[in-house]
Asker: 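Have a look at the structure that comes next, please.
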Amino acid sequence: MCVTIQDTPTTEVFTTKHGAIYQNDAERCWIVDFAGKSARFDYRCFMKLRTAVYRIDIEQMLLDNTKTPDLEIIFICACDHCYVLNLTQIIALRELLEGAFVMLELNQIIHNALYRVAV
């Protein structure tokens, strides 16, 4: 599916009920629509976002019985975006990122299979 975000054609990579990730080939960026904001990331920052979210120890947050709030601040160096997420939002963002990267890997597998057959 192609949609237009701010007058730029984008391709939907993966969507859940909590958000969506789009790819913009013209501007070579990824658009993460999550937690009420739409943020653009270049490939390097998109990978840093993925790493930052995967490093969060969800099990430890669930088992922590202190009275501290279950909030995590995700700030990526060299990016303009920052997320302050609670535990359910972290799980939702992780699900969104995992789905997007699975779709990208699947796209690469299909491309390789079709190219191999064509050659």
Asker: Mind checking whether Asp33 and Tyr22 have side chains closer than 4.5 Å, heavy atoms only?
Answerer: yes
Asker: Carefully, step by step, assess Val13 and Leu104 under the rule side-chain contact (heavy atoms from CB on, under 4.5 Å).
Answerer: CA-CA 8 Å; Val13 176; Leu104 294 172; 4.1 Å; yes
Asker: Enter the distance from Ile91:CD1 to Met61:CE here, rounded to the nearest 0.5 Å.
Answerer: 8.5 Å
Asker: Once you round to the nearest 0.5 Å, how far does CD1 of Ile21 lie from OG1 of Thr10?
Answerer: 12.5 Å
Asker: Is there a side-chain contact between Ile58 and Ile90 (heavy atoms, below 4.5 Å)?
Answerer: yes
Asker: Between Asp64 and Gln60, is any side-chain donor less than 3.5 angstrom from a side-chain acceptor?
Answerer: no
Asker: Roughly how far, to the nearest 0.5 Å, is the CD1 atom of Ile74 from the CD1 atom of Ile56?
Answerer: 4.0 Å
Asker: Provide the full list of ring pair (Phe, Tyr, Trp, His ring centres under 6.0 Å) pairs with a residue in residues 49-94, sequence neighbours left out, each pair given once.
Answerer: Phe41-His81
Asker: Is there a side-chain contact between Arg40 and Asn24, using heavy atoms and a 4.5 Å cut-off?
Answerer: yes
Asker: Is atom CG of Leu106 surrounded by more than 12 heavy atoms (other residues, nucleotides or ligands) closer than 6.0 Å?
Answerer: yes
Asker: Run Leu49 and Ile76 through side-chain contact (heavy atoms from CB on, under 4.5 Å) and show every step you take.
Answerer: CA-CA 7 Å; Leu49 174 66; Ile76 301 160; 3.4 Å; yes
Asker: Is a donor on one side and an acceptor on the other found under 3.5 Å between the side chain of Arg28 and the backbone of Asp42?
Answerer: no
Asker: From Leu63 CG over to Asp57 CG, what is the distance, rounded to the nearest 0.5 angstrom?
Answerer: 8.5 Å
Asker: Nearest 0.5 Å, please: how far is CD1 in Ile110 from CD in Glu105?
Answerer: 12.0 Å
Asker: Between atom CG of Leu85 and atom CZ of Phe34, what is the distance when rounded to the nearest 0.5 Å?
Answerer: 5.5 Å
Asker: Any salt bridge between Glu98 and Arg50, counting N to O under 4.0 Å?
Answerer: no
Asker: Any ring pair (Phe, Tyr, Trp, His ring centres under 6.0 Å) pairs touching residues 89-112, not counting sequence neighbours?
Answerer: Phe46-Phe101
Asker: Looking at every non-hydrogen atom in both residues, tell me the closest pair between Gly19 and Leu96 and how far apart they are.
Answerer: O-CD1, 3.6 Å
Asker: Between Gln23 and Asp25, is any side-chain donor less than 3.5 angstrom from a side-chain acceptor?
Answerer: yes
Asker: Mind checking whether Val84 and Ile73 have side chains closer than 4.5 Å, heavy atoms only?
Answerer: yes
